[in-house]
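Notes for the one structure printed next.
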Amino acid sequence: MQKVAFITGVNGQDGSYLAELLLEKDYEVYGLLRRSSSPLHSNWRLDQIKTGRERLHLRYGDVTDGVSLRQQIEEIQPDEVYNLAAQSDVGISFGVAEQTAEVTGLGALRVLEAIRAAAPQAKFYQASSSEMFGLSAPPQNEDTRFHPRSPYGCAKTYAHHVTVNYREAYGIFAASGILFNHESPRRGENFVTRKITKAVAAIAAGWQDELRLGNLEAKRDWGFAGDYAEAMWLMLQQSEPADYVIGTGEAHSVRDFCELAFAEVGLDWQNYVRHDPKLKRPADVDCLVADASKAYQILGWKPQLSFEQLVAEMVRSDQQLLRDYQLNSLDG
Ligand code: GDD
């Protein structure tokens, strides 16, 4: 029988890859959209989906509005619910700590409550984050102690705990995917990888002279977002709900990312990257490296794209976007 999925945060990077994957698997997909004054622009990622678009249904709602969640879930009666909605920018969370707690933390609780009330048989996926590990030494796995370093990390830690609690207290099939950083050409420009690849394309084209960055020493385990969407889906196909760490097991610094991205266009990063102390966070996470052996064994999941391929793909995509923009400006 055809399956029905409900995705909050459907128009984000992960939401778009997950929707694409589920549509390819013949799901009926419902996505929750926050109303915005520029709806066309906010759906640019979904516009890239080619297969099964007629089975993608967008509904207005909000994870800060429990009534809207309950109404949607009651009406849709999903088999699977993926909670990807979040205020997901770690740096910004220091400035909007309360809103981050509302959306990223309590949002998960509201989705779980809606499931409990209106579709208790639905399987639930919570988008947890390696930011929950924060200061704990790498490599990090499902047993590593949480020590979040930002209001975002604290909110995600709450959401993770409440997911486990609703699994234990109410028997909801609630899985928590503790995903390490995952990037793609659909990444938002506020995150460091996309900020770098966009700048590399602009510098190579002579449109920009320098790139200002904060902490260059931070190390992250960067994978490809498309691969991680597959892991989310696999978690809900298991017979029992559980927590899974998802990552590549390889760490690279922001400096390494710059070096590789600039080298893609034949430039030396040191001639363009400037350190800007204003971009440093009040507290940062030094090093995240996944030990994803549980996911490798139980889910049979493995990342497909290498770090080098990911960087090259993101640079190529930003160069293409710039060329398209130039062509459109000429046409206009
Ligand atoms: N955003 C940003 N901008 N980060 C910078 C900059 C800059 O100009 N300069 C240095 N950095 C450093 C940050 O201080 C951080 O140590 C590292 O680059 C990565 O920053 P982000 O790309 O913003 O990602 P993040 O690791 O903080 O969080 C991302 O990954 C999490 C999973 O671990 C986000 O996608 C989170 O939503 C996600 O949960």
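Heavy atoms only: backbone and side chains are in, while hydrogens, waters and symmetry mates are out. When a ligand or atom number is given, it counts from 1 through the structure's own listing order.
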Just verifying a value: how many Å separate Lys219 NZ and Asn181 CG, rounded to the nearest 0.5 Å? 14.5 Å
Run the numbers for me: atoms of ligand 1, each under 4.0 Å from some heavy atom of Ala218, listed by number. 16 (O)
Candidates Asn215, Asp284, Val285; heavy atom nearest atom 14 (O) of ligand 1 found on Asp284
Output yes when the distance from some N or O of ligand 1 to some N or O of Asp89 is under 3.5 Å, and no in every other case. no
Would you say Trp222 has any N or O atom under 3.5 Å from an N or O of ligand 1, going by distance alone? no
Identify the protein heavy atom lying closest to atom 7 (C) of ligand 1, giving its residue, its atom name and the separation to 0.1 Å. Lys195 NZ, 3.8 Å
Got the closest protein heavy atom to atom 5 (C) of ligand 1, with its distance? Val192 CG2, 3.5 Å
Within the structure provided, determine whether Gln99 and Val103 are in side-chain contact (heavy-atom separation under 4.5 Å). yes
Start with the C-alpha gap between Arg316 and Gln319, add the side-chain angles, then the distance that decides, and say whether side chain to side chain donor-acceptor pair (under 3.5 Å) holds. CA-CA 5 Å; Arg316 258 199 304 275; Gln319 287 189 292; over 6 Å; no
So is Arg187 close enough to ligand 1, meaning a heavy atom under 4.0 angstrom away? yes
Rounding to 0.5 Å, atoms CH2 (Trp301) and OH (Tyr296) come to a distance of 5.5 Å
Would Phe133 and Phe146 count as a ring pair (Phe, Tyr, Trp, His ring centres under 6.0 Å) here? Give the steps. CA-CA 4 Å; Phe133 297 126; Phe146 296 140; 5.5 Å; yes
Please could you name the atoms of ligand 1 that Arg220 approaches to less than 4.0 Å, counting only its heavy atoms? 15 (C), 16 (O), 26 (O)
Quick check: closest heavy atoms across Glu250 and Phe307, and the distance to 0.1 Å? OE1-CB, 4.1 Å
Side chains of Thr144 and Met132 in contact at under 4.5 Å (non-hydrogen atoms): no
Identify, for atom 37 (O) of ligand 1, the protein heavy atom at the shortest distance, and state residue, atom and that distance. Ser88 O, 2.7 Å
Shortest protein heavy-atom distance from atom 23 (O) of ligand 1, along with the residue and atom involved: Arg281 NH2, 2.8 Å
In sequence, state the C-alpha distance, the side-chain angles, and the governing distance for Gln126 and His160, and then conclude on side chain to side chain donor-acceptor pair (under 3.5 Å). CA-CA 7 Å; Gln126 169 59 18; His160 169 80; over 6 Å; no
Of all the heavy-atom pairs spanning Met314 and Ser184, show the shortest one and how long it is. CE-O, 3.4 Å
Do any nitrogen or oxygen atoms of Thr193 lie less than 3.5 angstrom from nitrogen or oxygen atoms of ligand 1? no
Heavy atom of the protein closest to atom 31 (C) of ligand 1 (residue, atom name, distance): Ser129 OG, 3.8 Å
Among Phe257, Phe191, Tyr152, which one has a heavy atom closest to atom 38 (C) of ligand 1? Tyr152
When only distance counts, is Val90 in polar contact with ligand 1, meaning an N/O pair under 3.5 Å? no
Which residue and non-hydrogen atom of the protein lie closest to atom 33 (O) of ligand 1, and at what distance in Å? Ser130 OG, 2.4 Å
Using residues 188-204 as the side-chain source, report each donor-acceptor pair under 3.5 Å to any protein atom, sequence neighbours left out, with the distance given to one decimal.
{"unit_1": "Glu189", "atom_1": "OE1", "unit_2": "Lys198", "atom_2": "NZ", "d": "3.3"}
{"unit_1": "Asn190", "atom_1": "ND2", "unit_2": "Asp89", "atom_2": "OD2", "d": "2.6"}
{"unit_1": "Thr193", "atom_1": "OG1", "unit_2": "Glu183", "atom_2": "OE1", "d": "2.4"}
{"unit_1": "Arg194", "atom_1": "NE", "unit_2": "Asp318", "atom_2": "OD1", "d": "3.2"}
{"unit_1": "Arg194", "atom_1": "NE", "unit_2": "Asp318", "atom_2": "OD2", "d": "3.0"}
{"unit_1": "Arg194", "atom_1": "NH1", "unit_2": "Arg187", "atom_2": "O", "d": "2.9"}
{"unit_1": "Arg194", "atom_1": "NH2", "unit_2": "Asp318", "atom_2": "OD1", "d": "2.6"}
{"unit_1": "Lys195", "atom_1": "NZ", "unit_2": "Arg212", "atom_2": "O", "d": "3.0"}
{"unit_1": "Thr197", "atom_1": "OG1", "unit_2": "Thr193", "atom_2": "O", "d": "3.4"}
{"unit_1": "Thr197", "atom_1": "OG1", "unit_2": "Arg194", "atom_2": "O", "d": "3.3"}
{"unit_1": "Thr197", "atom_1": "OG1", "unit_2": "Asp318", "atom_2": "OD2", "d": "2.7"}

Between atom CD1 of Ile92 and atom CD of Gln87, what is the distance when rounded to the nearest 0.5 Å? 6.0 Å
To the nearest 0.1 Å, how far is atom 29 (C) of ligand 1 from its closest protein heavy atom, and which atom is that? Asn181 ND2, 3.5 Å
Which residue owns the protein heavy atom closest to atom 9 (N) of ligand 1, what's the atom, and how far is it? Gly214 N, 2.8 Å
